[in-house]
Enquirer: 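Here's a structure for you.
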Amino acid sequence: MPTPRPWADAREVDRVEALVTVDDAARADAFLASCVVGSSWTARIRTAEVTATVLARRPLGTIDERTCTCLSLRLALPVPVEPGLRFRLSDEDDDLTATGLVRPWEG
């Protein structure tokens with residue numbers, strides 16, 4: 001069995017690739033309708049609260065996007081993150097929320 005690679009160290013970034021799941025499964029369609037390229041969300045990452053703009057949204061293989069989707073997010077300010085870090089996304093009204101998980105770094 002191969003030895004798993006350890007997670008990379010934390011990096012201060014202004015762009016995040018994440019796996020995202022809506023917090024209320026009954027609101028998944030509303031979340032996906034709102035979570036389009038160019039939409040803005042509030043990202044709560046550790047103690048930081050920054051605006052996150054959706055750059056891209058892609059399904060995760062054959063998994064239904066109502067269950068999990070992949071987002072590329074541009075953060076208004078650099079924030080220290082590491083792969084596996086969980087964070088929260090919410091709309092302006094804090095009505096739609098989702099939980100994100102930072103994806104492993106490329107390369």
Side-chain angles (χ1 to χ4, degrees):
M1 180 177 229
T3 304
R5 287 183 7 194
W7 291 115
D9 294 335
R11 298 180 188 180
E12 195 165 285
V13 299
D14 62 1
R15 182 180 168 151
V16 174
E17 301 291 325
L19 301 175
V20 179
T21 303
V22 67
D23 293 332
D24 179 357
R27 307 279 326 269
D29 288 328
F31 174 77
L32 292 173
S34 297
C35 188
V36 295
V37 173
S39 63
S40 293
W41 297 78
T42 299
R44 290 177 184 87
I45 304 173
R46 292 195 173 97
T47 60
E49 189 170 294
V50 298
T51 300
T53 303
V54 177
L55 299 175
R57 186 179 97 204
R58 297 171 301 287
L60 180 62
T62 59
I63 297 174
D64 186 336
E65 275 194 295
R66 288 176 200 85
T67 302
C68 183
T69 192
C70 298
L71 296 180
S72 294
L73 300 167
R74 169 76 60 199
L75 304 176
L77 299 168
V79 177
V81 299
E82 70 274 346
L85 178 70
R86 291 184 187 277
F87 64 96
R88 176 69 41 99
L89 283 178
S90 61
D91 65 0
E92 284 183 0
D93 302 324
D94 211 24
D95 182 39
L96 288 171
T97 60
T99 299
L101 178 75
V102 177
R103 294 187 67 175
W105 308 128
E106 295 286 325

Enquirer: What are the two closest heavy atoms between Cys35 and Val54, and how far apart are they?
Expert: SG-CG2, 3.9 Å

Enquirer: If hydrophobic clusters are built from ILVMFWY residues whose side chains come within less than 4.5 Å, do Val36 and Leu75 share one?
Expert: no

Enquirer: Taking all non-hydrogen atoms of both residues, which atom of Leu96 and which atom of Ala30 are closest, and how far apart?
Expert: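 For Leu96 and Ala30, the tightest heavy-atom pair comes out as CD1-O, 3.8 Å.
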
Enquirer: Are Leu55 and Leu77 in one and the same hydrophobic cluster, where Ile, Leu, Val, Met, Phe, Trp and Tyr link if side-chain heavy atoms are under 4.5 Å apart?
Expert: no

Enquirer: Got more than 12 heavy atoms from elsewhere within 6.0 Å of CD, Glu12?
Expert: yes

Enquirer: Looking at Ile63, Leu60, Val20, which hits side-chain contact (heavy atoms from CB on, under 4.5 Å) with Cys70?
Expert: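 Among the candidates, only Leu60 passes.
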
Enquirer: Is there a side-chain contact between Thr42 and Glu49 (heavy atoms, below 4.5 Å)?
Expert: yes

Enquirer: If you round to the nearest 0.5 Å, how far is CG of Leu73 from CD of Glu17?
Expert: 8.0 Å

Enquirer: Between the main-chain N or O of Thr67 and the side-chain N or O of Thr21, is there a donor-acceptor pair closer than 3.5 Å?
Expert: yes

Enquirer: Measuring from atom OG of Ser90 to atom CG of Asp95, what distance do you get when rounded to the nearest 0.5 angstrom?
Expert: 10.0 Å

Enquirer: Could you report the tightest heavy-atom contact between Thr97 and Val22, atom names first, then the distance?
Expert: O-CG2, 3.5 Å

Enquirer: Any salt bridge (charged side-chain N to carboxylate O under 4.0 Å, His left out) pairs touching residues 28-42, not counting sequence neighbours?
Expert: Asp29-Arg66

Enquirer: Applying side-chain contact (heavy atoms from CB on, under 4.5 Å), run through Arg58 and Ser72 and close with a yes or a no.
Expert: CA-CA 9 Å; Arg58 297 171 301 287; Ser72 294; 3.4 Å; yes

Enquirer: Please answer whether the main-chain N or O of Pro80 pairs with a side-chain N or O of Arg46 as donor and acceptor at a distance below 3.5 Å.
Expert: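 Yes, the answer is positive, given that a donor and an acceptor are paired below the 3.5 Å cut-off.
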
Enquirer: Might you point out which heavy atoms bring Phe87 and Val16 nearest each other, and give the distance in Å?
Expert: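 For Phe87 versus Val16, the nearest heavy atoms are CE2-CG1, 4.4 Å.
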
Enquirer: Looking only at non-hydrogen atoms, find the nearest pair between Asp23 and Ala98 and report the distance.
Expert: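 Shortest heavy-atom separation between Asp23 and Ala98 comes out as OD2-N, 3.4 Å.
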
Enquirer: Under the salt bridge (charged side-chain N to carboxylate O under 4.0 Å, His left out) rule, collect the residues that match up with Glu65, sequence neighbours excluded.
Expert: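 For Glu65, the residues satisfying salt bridge (charged side-chain N to carboxylate O under 4.0 Å, His left out) (neighbours in sequence not counted) are Arg57.
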
Enquirer: Assess, by modelled atom type and distance only, whether the side chains of Thr99 and Arg86 contain a donor and an acceptor separated by less than 3.5 Å.
Expert: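 There is no such pair (donor and acceptor under 3.5 Å, judged by atom type) between the side chains of Thr99 and Arg86.
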
Enquirer: Does Leu19 belong to the same Ile/Leu/Val/Met/Phe/Trp/Tyr cluster as Trp41, with side-chain heavy atoms less than 4.5 Å apart forming each link?
Expert: no

